[in-house]
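Reading through the structure tokens given below for one structure.
Only heavy atoms go into these numbers, but all of them, side chains included; no hydrogens, no water, no symmetry mates.
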Amino acid sequence: MATRKKKATGPWSAVFPSRDEQFQLKRMALLREAARAFSANGYHNTSLDDVAASLGVTKAALYYYVKSKQEILFECHMLALDLGDQALDYARAHGKNAHDKITLFCQRYIELITGEMGSFAVLAEFNALESKRREIVLRRRDDFEEVFKAIVREGIEERSIREVDPKLACFFFMGAVNWMTRWFRPDGDLPGETIAAEFTSMFSEGIRQSR
């Protein structure tokens with residue numbers, strides 16, 4: 001009688017990714033490639049056939065990972081929001097005061113979004129989202145804005161941040177980041193780390209409380 005193979009545990013399980021992990025890795029590769037295609041040619045001018053061709057797979061194979069082009073666009077937006085949450089968590093864990101938190105967040109977020117997403121001009125295609133998905137993204141954006149403003153208000157109270165309008169401070173930074181979607185390229189003259197450092201320095205010094 002044939003014996004059943006035991007599921008790998010211990011050190012072996014760390015060496016070989018599980019089926020779910022392999023699925024997520026391949027799905028992430030698909031999202032990155034689709035984001036590059038959308039960024040280069042526009043969402044409406046890029047088909048799933050184009051994405052499949054760039055990945056070297058059939059269109060039918062793509063449907064194992066995503067159901068539609070609209071789902072890809074939505075997931076790209078959700079990924080960007082996830083990276084924002086990661087950056088906020090990092091900033092709150094390591095910042096000594098509110099100004100430190102805002103500075104750490106700004107640099108970490110730009111580093112993550114330029115590194116993880118590569119070409120992320122796809123985020124400019126917000127209006128191409130279907131209404132229900134657009135509402136989900138908007139709610140998450142609003143939640144993020146409230147956290148950002150709360151940190152700015154905290155900095156004003158403790159006098160690490162000068163008297164600024166918290167909402168305008170948030171719009172100023174996110175507006176600069178959103179404009180990056182129009183011109184940033186992974187193979188451009190400036191790497192994401194350099195852009196993150198420069199943007200963060202300009203924003204950080206602009207809101208710092210004068211000594």
Side-chain angles (χ1 to χ4, degrees), residues 28 31-32 35-36 38-39 74-127 129 134-211:
M28 186 58 66
L31 291 176
R32 288 195 184 102
R36 281 192 286 269
F38 292 163
S39 296
F74 175 70
E75 290 298 335
C76 285
H77 279 273
M78 296 300 281
L79 173 58
L81 291 163
D82 289 342
L83 295 178
D85 290 342
Q86 288 180 34
L88 280 173
D89 289 343
Y90 175 83
R92 286 184 288 196
H94 295 87
K96 296 178 181 179
N97 57 39
H99 186 267
D100 283 346
K101 293 173 187 175
I102 287 291
T103 300
L104 287 170
F105 162 75
C106 292
Q107 180 145 357
R108 188 71 168 172
Y109 180 57
I110 297 176
E111 288 174 348
L112 285 172
I113 201 167
T114 55
E116 289 289 326
M117 296 196 70
S119 183
F120 64 114
V122 63
L123 300 182
E125 301 277 8
F126 174 75
N127 289 329
L129 286 167
R134 192 161 59 241
E135 289 171 6
I136 293 171
V137 172
L138 277 174
R139 283 197 297 270
R140 287 196 62 184
R141 283 185 179 183
D142 290 343
D143 291 342
F144 164 80
E145 182 185 323
E146 290 304 314
V147 174
F148 192 103
K149 290 190 298 184
I151 297 175
V152 173
R153 284 192 290 267
E154 176 188 339
I156 294 172
E157 291 175 4
E158 70 185 18
R159 301 185 66 79
S160 65
I161 294 176
R162 66 184 180 87
E163 290 280 349
V164 296
D165 185 303
K167 186 171 185 176
L168 291 182
C170 181
F171 284 0
F172 181 88
F173 174 73
M174 295 310 300
V177 171
N178 289 337
W179 182 244
M180 284 176 60
T181 67
R182 304 289 185 176
W183 57 263
F184 174 77
R185 294 293 180 271
D187 57 353
D189 295 335
L190 294 174
E193 294 86 350
T194 300
I195 295 171
E198 290 289 339
F199 269 45
T200 300
S201 176
M202 288 185 278
F203 181 72
S204 174
E205 290 303 314
I207 65 171
R208 185 193 299 275
Q209 175 67 49
S210 300
R211 295 185 181 277

Looking at Arg108 and Leu83, would you say the former's side chain and the latter's main chain have a donor-acceptor pair under 3.5 Å? no
Would you call Ile110 and Phe173 a side-chain contact if the rule is heavy atoms closer than 4.5 Å? yes
With a 4.5 Å cut-off on side-chain heavy atoms, are Thr114 and Ile195 touching? no
Is atom CZ of Arg159 surrounded by more than 12 heavy atoms (other residues, nucleotides or ligands) closer than 6.0 Å? no
Provide the closest heavy-atom pair for Ile113 versus Ala80 in the form atom of the first, atom of the second, distance. CD1-CB, 4.2 Å
Roughly how far, to the nearest 0.5 Å, is the CZ atom of Arg208 from the CD1 atom of Ile102? 12.5 Å
Quick check for you: to the nearest 0.5 Å, what is the distance between Leu31 atom CG and Cys76 atom SG? 5.5 Å
Rounded to the nearest 0.5 angstrom, the CD-OG1 distance for Glu111 and Thr200 is 7.5 Å
Check: His99 side chain, Gly155 main-chain N or O, donor-acceptor pair, under 3.5 Å: no
Show the nearest heavy-atom pair for residues Gln209 and Ile161, with the distance to one decimal. OE1-O, 3.6 Å
Just verifying a value: how many Å separate Ile207 CD1 and Met202 CE, rounded to the nearest 0.5 Å? 13.5 Å
What pair of heavy atoms forms the shortest contact from Ala98 to Ile151, and how long is it? CB-O, 3.4 Å
As a quick check of understanding, evaluate side chain to side chain contact (heavy atoms under 4.5 Å, CB included) for Ile136 and His77, giving each step before the final call. CA-CA 10 Å; Ile136 293 171; His77 279 273; over 6 Å; no
Which heavy-atom pair separates Pro166 from Ile156 by the least distance, and what is that distance? CG-CD1, 4.5 Å
Once you round to the nearest 0.5 Å, how far does CG of Asn127 lie from CZ of Arg134? 6.0 Å
Walk me through whether Leu190 and Glu198 qualify under side chain to side chain contact (heavy atoms under 4.5 Å, CB included). CA-CA 11 Å; Leu190 294 174; Glu198 290 289 339; over 6 Å; no
Is the backbone N or O of Asn97 less than 3.5 Å from a side-chain atom of Glu158, with the two atoms forming a donor-acceptor pair by type? no
Do the non-hydrogen side-chain atoms of Leu138 and Phe126 ever get within less than 4.5 Å of each other? yes
Short side-chain to backbone donor-acceptor contact, Ser201 and Ala197, under 3.5 Å: no
Met78 side, atom CE; Asp85 side, atom CG - distance, nearest 0.5 Å: 9.0 Å
Show the numbers, then the answer: is there a side chain to side chain contact (heavy atoms under 4.5 Å, CB included) between Asp82 and Arg140? CA-CA 10 Å; Asp82 289 342; Arg140 287 196 62 184; 3.0 Å; yes
Only one of Phe144, Phe203, Phe199, Tyr90 passes ring pair (Phe, Tyr, Trp, His ring centres under 6.0 Å) with Phe105; say which it is. Phe144
Heavy-atom check, side chain of Lys101 versus side chain of Glu154, under 4.5 Å: yes
